[in-house]
Amino acid sequence: MDEVRFAVIGAGMAGLACAHELARADAKVTVYERSRGLGGRLATRRMGQLAFDHGAQFITARSHTFNRYAEIALRAGMLDAWRPRIMEDDRAWPAPIEDWWIGQPGMSALVRPLARNIEIQSGIAVHELIPSQRGWELQTDSGRQNVTFRAVAVAIPAPQASSLLSPHGRSFRQIADVRMAPCWTGMFAFDPPIDIGADARRWTSGPIVWAACNSSKPGRPQTPQCWVLHASTGWSREHIDLDATEAASVLLRAFEDNLGYQLPTPVHRDAHRWRHALVERPLGLSCVVDEELNAGACGDWCIAPRVEAAFESGRSLAHSLLSMVGLASRMVRS
Ligand SMILES: Cc1cc2nc3c(=O)[nH]c(=O)nc-3n(C[C@H](O)[C@H](O)[C@H](O)COP(=O)(O)OP(=O)(O)OC[C@H]3O[C@@H](n4cnc5c(N)ncnc54)[C@H](O)[C@@H]3O)c2cc1C
């Protein structure tokens, strides 16, 4: 039988869930990822002894399939439970009713079981999808790839997916209706450690909405003590053009305002700007496809601002693409 080749653009949870599902149907898959690492917004920034989960803080698993996936990752030692003491504004918060899971040793470990045996071209950004008689060719920042793919899956944030796909089919124009919010993330390390009355605090107003002691997560370095702060959507949008050093200083001051006292000078401070962090208005479909073009897109933005949604969307797109190219019978149901 002719080998059917698929390209997946993006190696976050959605892209790798899609690639894994295609590979389970014996398709040949190549994943293109702009960064050197995998995981996308499932990310841990390391500097010497310091570690900051500066994207997704934890995952929850609600669906049967994602629960099963979490169990596999748990057995492989790539997942651990995080049970922080939590406060909202100035009140203690009850323990969450569902488990909060983190990747081990970092958040990107959560995608590793999906990446096994998949060909991944990392450090290559795809700039253009070029339709050809036999399928799709890719224009990347390291030139035109010398491969034609029968089908293509775009698994990158909605605004970027929209610019790759909207020139090609009417069905992709709806991606422009999705709205994603930015998030400035502050990363601070303290030595000696600080005590703010909880391992994680939420605030319902003001520039900072979340502060978490990364060192309270199992398997993360304890000393110096690492903290991650998330700014609100409104504040992040308003201050999107700050440089990272300035953003870190402003976020630290806002954190102190929330606490009502001054903190010792951190031994490390930094900030990261996520331009497309959280889904504000999802597409409302599990994925988007064009059956005539053998192309589609997936990501959290199809469903909800959660890692689990990215996983479900990636699987859904893989199933649609397999049907489109006549491989539905090879689909492995689980
Ligand atoms: C600050 C923050 C906090 C969050 N907190 C939580 C949380 O606590 N719990 C939770 O469940 N979710 C949380 N989320 C959301 C969660 O991280 C996302 O829902 C999920 O990781 C999205 O996965 P994805 O695969 O759809 O997209 P992404 O993770 O964004 O993956 C897309 C990938 O595509 C790559 N890419 C982009 N453009 C190109 C291109 N042109 N060519 C090649 N590659 C490209 C990117 O480098 C990236 O690796 C948070 C997100 C942020 C930013």
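In each ligand, atom 1 is the first atom listed, and ligand 1 is the first ligand listed. The residues of the chain are indexed from 1 along the displayed sequence.
Sequence neighbours left out, the pairs with a member in residues 215-242 that pass salt bridge (Lys or Arg N to Asp or Glu O under 4.0 Å) are Asp53-Lys217, Asp53-Arg220, Arg237-Glu280.
Donor-acceptor pairing under 3.5 Å is lacking for the side chains of Thr148 and Arg5. A donor-acceptor contact closer than 3.5 angstrom links the side chains of Ser63 and Glu308. A donor-acceptor contact closer than 3.5 angstrom links the side chains of Gln121 and Glu119. In summary, the side chains of Ser216 and Trp82 do present a donor paired with an acceptor at a separation below 3.5 Å, with no hydrogens or angles considered. Side chain to side chain, Trp227 and Gln225 meet the donor-acceptor criterion of an N or O pair below 3.5 Å.
At a 4.0 Å heavy-atom cut-off, the residues surrounding ligand 1 are Ile9, Gly10, Ala11, Gly12, Met13, Ala14, Tyr32, Glu33, Arg34, Ser35, Gly39, Gly40, Arg41, His54, Gly55, Ala56, Gln57, Phe58, Ile124, Ala125, Val126, Ala155, Ile156, Pro157, Gln160, Cys183, His230, Trp274, Ala277, Leu278, Gly299, Asp300, Pro305, Arg306, Val307, Ala310, listed by chain and number.
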